[in-house]
Amino acid sequence: MFTFVRSTAVFMFFASFISVHVKGTEASTVYVSPTGSDASGTGTETSPFRTLHHTQQHVRGLITSMTDSCENINVVIGEGVYYVLNETEAHETLLFNKSDTFEHGGCKVTWGGNSEDENILLSGGVPVLGWSKELSQSSTDTDSVSVWSASLPQGVSTNVRALRIGKQQGIHARYPDLGNNVDGGDGPFLFVSVSDALPNPAGPPLSNFSHAVIGIPTRDAPKWTNWDNAYVFIYPYYSWFNYRQKVAPLARDLVPKSVLRTGLTYYNVSCSQPACASKYSGILPGNRFFFFGSEDALDTPNEWALDMQTRILKIVLPSGVSPDVTIPLGTTIITINNNTSPLVIQNVNFMDTDYISDGYQSGWNLVNSRGIPNDTAVVLSGVCDVTIENCSFVELSGGGILLKNNSNSVLITNNKFTNIGQSGIMMVGETAIQPTNISVTRNTFHTFGKTMASAAAIYACTTSYSYFAHNNITDGPRWGIHLRSQSSIALSMHNIIEFNRVTNVARRTRDLGAISTMGERTQTNTQNTIRYNCVRNVIGMDADSNGTIRQRYYSWGIYLDNWSSGYHVYGNVVAETAAALIFVHGGRANNITNNIFVNNSDPLYVNSSGPLQQWGQIAISQMNSGTPVQVPHSNSFVRNIVYFTSINTSTFSILHTASRKPLNTTTLHIWLPHMNHNVYWNTKWQKQGVAKQVFPEYYANNGTLMKGNSYNWQRAGMDVNSYFGVDPGFADADGGDWRLVAGGGADAVDFVPLPMPFFSSC
């Protein structure tokens with residue numbers, strides 16, 4: 001039996017619903033239970049149906065019978081496990097469309113349990129039966145383990161990417177074995193020593209580099225003999241994402257001379273287009289990876305491997321434990337298309353889905369793109385007035401919920417997303433078909449992106465007029481909340497992101513923000529708002545060209561990336577990032593006001609061109625990609641508190657301009673015409689006006705290079721009415737209590753106290 005704990009439901013409605021009794025119907029409540037019968041059941045509480053698909057047909061009949069008036073229909077799903085995709089021979093998702101709602105509107109249809117405490121599991125898989133124990137052997141632990149084998153169930157594809165063993169995702173047999181997550185969630189790793197594009201061994205050379213060669217020290221290479229079902233999971237380029245690709249040993253006579261070395265073993269990585277072809281997804285020396293999929297790697301409890309030719313599945317279990325295995329039959333359990341009246345899914349748990357995305361970040365706004373991880377248990381397409389509440393999304397190989405094709409007026413509230421392979425909630429589509437008016441509130445996201453690291457709790461390729469609030473987000477590989485605009489025809493506008501807690505993210509990738517946005521070259525004023533969020537402990541992870549893991553590296557708190565413009569950033573607390581606490585990258589008209597920024601932990605970094613550079617507590621930079629180069633313009637930084645504690649202030653700066661050379665005064669005032677009424681406090685400073693090297697050097701209008709101390713900074717007309725070396729007066733900064741004590745420096749700049757009790761514990 002599965003037990004799930006959920007938060008208290010908060011009901012919100014987009015419309016008023018009419019309840020009208022209809023003559024000739026016994027009731028508007030229909031029951032389904034795993035102990036019921038589709039053959040003899042009548043859909044009553046004492047005689048429920050057995051399957052959801054059969055129940056759906058009955059409900060459609062009820063709706064059709066209500067020709068002149070309607071009443072709400074409540075489908076009560078009883079406790080137990082429903083193998084939804086295995087209910088039909090074709091392994092069909094449960095598809096809701098116009099036939100499942102009222103054409104004349106008004107009345108709603110609700111599917112789910114009566115209580116959030118009920119254990120109702122909607123599985124996208126099928127149990128594997130017929131197990132036999134093969135042998136017992138010593139494992140890497142002190143206890144012995146057993147190897148079990150079984151044939152795949154009839155009708156199940158051999159392209160199995162994931163399965164569940166007991167209550168948790170199984171580990172696709174891998175080398176090196178999965179460790180204790182000290183490397184950021186899926187280590188330990190091997191590291192590429194050399195790499196190059198590789199002509200296709202099976203045919204003529206390919207200019208698009210669909211194959212790559214990698215070399216690793218022979219001492220680190222697995223001693224496998226069976227590579228038929230082997231893959232590699234790699235973090236390419238600069239660790240923005242990961243992807244899985246087929247891999248096989250490569251004979252030395254096929255290795256390009258450019259990478260041929262003694263002491264190395266070589267492999268051919270067969271990359272899906274454009275995984276190995278793109279500049280930003282190619283494989284570089286130092287990239288971290290692991291091999292998986294070969295039966296030869298089976299040696300650790302909860303590992304599994306499949307022989308695709310014989311259809312024999314093998315798993316490793318601790319001795320004394322019997323197999324309990326479920327294989328996903330597809331990526332999606334429920335799809336809702338083009339409903340015509342309110343539809344609610346509530347109080348159920350989703351589990352056991354597969355994934356097909358490769359994850360190489362291509363085709364951001366395409367509705368169907370294997371390059372962007374968007375496999376989800378629930379898909380909403382062209383819907384209106386849909387609510388998903390009090391549900392759990394647990395142990396999924398894909399993500400939770402996908403919205404697309406002009407979906408609007410959707411409420412997603414009080415759900416839990418735990419141990420899932422991709423993003424919790426995704427929205428895709430260019431402006432003409434983007435989701436709008438999407439409310440994502442009071443959800444919990446814990447440990448997401450386990451399979452595909454290019455993931456967020458809330459991930460909007462584009463959306464407008466949407467509301468993301470009061471969500472608790474923790475333990476993710478990349479972003480917490482990610483909002484994108486891709487081009488002039490793919491814009492995210494008029495969204496509000498507020499009262500979210502985002503902590504312990506960026507655990508497996510680098511170059512991101514906990515709350516991260518993307519803009520487009522025309523610097524469109526998007527009028528998005530980011531306010532009253534608690535952002536803390538943004539980690540960042542990478543490996544250098546020698547294969548040395550770098551943690552607390554190259555991450556930001558709030559990142560207005562790639563020309564993001566027109567953002568109102570107000571009343572946030574951002575603490576403990578690797579690089580800057582907020583970074584404006586090429587955008588204009590961003591208003592950053594009344595925030596608290598606390599301690600970036602690793603101000604020194606090595607950029608792509610090699611030299612050591614320095615990050616400040618805040619950063620602003622031009623975009624150097626494309627022609628012409630777009631520069632920041634008309635940004636403001638007013639009435640903020642910047643608080644940091646380094647004893648060596650020469651390695652900590654307040655503002656970092658991320659430029660190749662010092663800016664001149666005129667450029668400073670173009671980038672940041674409004675930088676004033678701020679409080680800057682380092683706990684090691686003793687008095688106001690202390691002249692520390694905390695701002696960038698700049699050129700005065702007469703051409704003189706001015707040192708970056710606070711005195712010269714104010715001479716340039718920046719921060720003229722700001723305070724340096726004045727304690728802002730927090731109740732307990734070390735304990736994360738941001739209440740203000742009267743008489744502190746915050747009073748001097750009219751800092752507006754943040755809402756309590758939310759910020760008494762951030």
Side-chain angles (χ1 to χ4, degrees), residues 14 92-98 100-101 124 330-340 342-345 350 353-359 361-388 391 393 396-413 415 417 420-440 443 448-449 452 454-468 479 481-487 489-495 518:
F14 289 97
E92 295 169 316
T93 180
L94 187 63
L95 173 62
F96 294 103
N97 55 35
K98 295 178 180 179
D100 299 286
T101 53
T331 62
T332 301
I333 299 172
I334 289 179
T335 298
I336 304 176
N337 287 344
N338 302 311
N339 62 303
T340 51
L343 181 63
V344 178
I345 306 294
F350 295 91
T353 57
D354 208 343
Y355 71 99
I356 61 173
S357 298
D358 290 319
Q361 288 196 351
S362 177
W364 286 100
N365 288 305
L366 300 179
V367 172
N368 297 300
S369 171
R370 290 189 63 176
I372 303 302
N374 59 7
D375 314 303
T376 57
V378 175
V379 174
L380 307 180
S381 178
V383 305
C384 181
D385 287 347
V386 169
T387 299
I388 299 176
C391 294
F393 297 78
L396 302 169
S397 299
I401 302 170
L402 173 67
L403 301 101
K404 60 183 182 178
N405 292 335
N406 287 315
S407 292
N408 72 90
S409 300
V410 174
L411 173 62
I412 302 172
T413 188
N415 302 286
F417 300 82
I420 62 176
Q422 297 178 19
S423 296
I425 299 169
M426 281 197 66
M427 301 161 215
V428 299
E430 295 178 344
T431 305
I433 59 170
Q434 70 179 196
T436 55
N437 294 299
I438 310 301
S439 180
V440 180
N443 302 283
F448 50 92
M452 293 297 181
S454 181
I458 305 169
Y459 186 141
C461 290
T462 68
T463 186
S464 293
Y465 299 98
S466 290
Y467 182 62
F468 309 149
W479 313 283
I481 299 174
H482 188 41
L483 178 64
R484 300 181 69 93
S485 290
Q486 284 296 117
S487 69
I489 61 169
L491 296 171
S492 292
M493 301 186 68
H494 305 287
N495 300 290
M518 295 286 275

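Just so you know, residue 1 is the first one in the sequence shown, and it goes up from there.
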**OP:** Please answer whether the main-chain N or O of Ser485 pairs with a side-chain N or O of Ser492 as donor and acceptor at a distance below 3.5 Å.
**Re:** no

Original post:
So, for Ile458 and Met427, which heavy atoms are closest and what is the spacing to 0.1 Å?
Top reply: CG2-CE, 4.2 Å

**OP:** Any chance you could measure Gln486, atom CD, to Thr462, atom OG1, to the nearest 0.5 Å?
**Re:** 8.5 Å

Original post:
Of the non-hydrogen atoms in Ile333 and Phe350, which two are nearest, and what is the gap between them?
Top reply: CD1-CD2, 4.0 Å

Original post:
Hey, is the main chain of Gly382 close enough, under 3.5 Å, to the side chain of Ser407 for a donor-acceptor pair?
Top reply: yes

**OP:** Hey, can you tell me if Phe417 and Phe393 have their rings parallel, tilted or perpendicular (30° and 60° cut-offs)?
**Re:** parallel

Original post:
Does the side chain of His482 reach to within under 4.5 Å of the side chain of Met518, using non-hydrogen atoms?
Top reply: yes

**OP:** Please determine which of Asn339, Asp385, Thr340 meets the side-chain hydrogen bond (donor to acceptor under 3.5 Å, both in side chains) test together with Thr101.
**Re:** Thr340

Subject >> From CG (Asp375) to CE (Met426), nearest 0.5 Å >> reply: 9.0 Å

Original post:
Distance-only, no hydrogens or angles: does the Gln422 side chain make a donor-acceptor pair with backbone N or O of Asn374 under 3.5 Å?
Top reply: yes

Original post:
Where do Asn405 and Ile433 land on the side-chain contact (heavy atoms from CB on, under 4.5 Å) test, with the steps shown first?
Top reply: CA-CA 5 Å; Asn405 292 335; Ile433 59 170; 4.0 Å; yes

**OP:** Could you tell me whether a side-chain N or O of Asn495 sits under 3.5 Å from a main-chain N or O of Ser466, the two making a donor and an acceptor?
**Re:** yes

Original post:
Could you state the interatomic distance from CG (Leu491) to OG (Ser464), rounded to the nearest 0.5 Å?
Top reply: 7.5 Å

Original post:
Should the pair Tyr465 and His494 be assigned to parallel (<30°), tilted (30 to 60°) or perpendicular (>60°) ring geometry?
Top reply: parallel

Subject >> CA sep, side-chain torsions, deciding dist, call: Phe468, Thr463, side-chain contact (heavy atoms from CB on, under 4.5 Å) >> reply: CA-CA 11 Å; Phe468 309 149; Thr463 186; 4.1 Å; yes

Subject >> Donor-acceptor contact present, side-chain Asn443 to main-chain Asn415, <3.5 Å >> reply: yes

**OP:** With rounding to the nearest 0.5 Å, note down the distance linking CD1 in Ile425 to OG1 in Thr376.
**Re:** 10.5 Å

Original post:
Is the backbone of Ile489 close enough, under 3.5 Å, to the side chain of Thr431 for a donor and an acceptor to pair up by distance?
Top reply: yes

Original post:
Are any side-chain N or O atoms of Asp354 and backbone N or O atoms of Ser397, one a donor and one an acceptor, separated by less than 3.5 Å?
Top reply: no

Original post:
Does Thr93 reach the main-chain N or O of Leu95 with its side chain, forming a donor-acceptor pair under 3.5 Å?
Top reply: no

Subject >> Distance, nearest 0.5 Å, that separates CG of Leu94 from OG1 of Thr332 >> reply: 11.5 Å

Original post:
Looking at CG of Asn437 and CG of Asn408, how far apart are the two atoms once the value is rounded to the nearest 0.5 Å?
Top reply: 6.0 Å

Original post:
Applying the side chain to side chain contact (heavy atoms under 4.5 Å, CB included) test to Ile388, which of Val344, Leu343, Leu380 qualifies?
Top reply: Leu380

Subject >> Minimum heavy-atom distance between Tyr459 and Ser423, given as atom pair plus value >> reply: CD1-OG, 3.1 Å

**OP:** Return the set of residues passing ring-ring contact (aromatic ring centres under 6.0 Å, His included) with Phe448 (not counting sequence neighbours), or none when no residue passes.
**Re:** none

**OP:** List the atom of Ile345, the atom of Cys391, and the distance in Å for their closest heavy-atom pair.
**Re:** O-SG, 3.9 Å

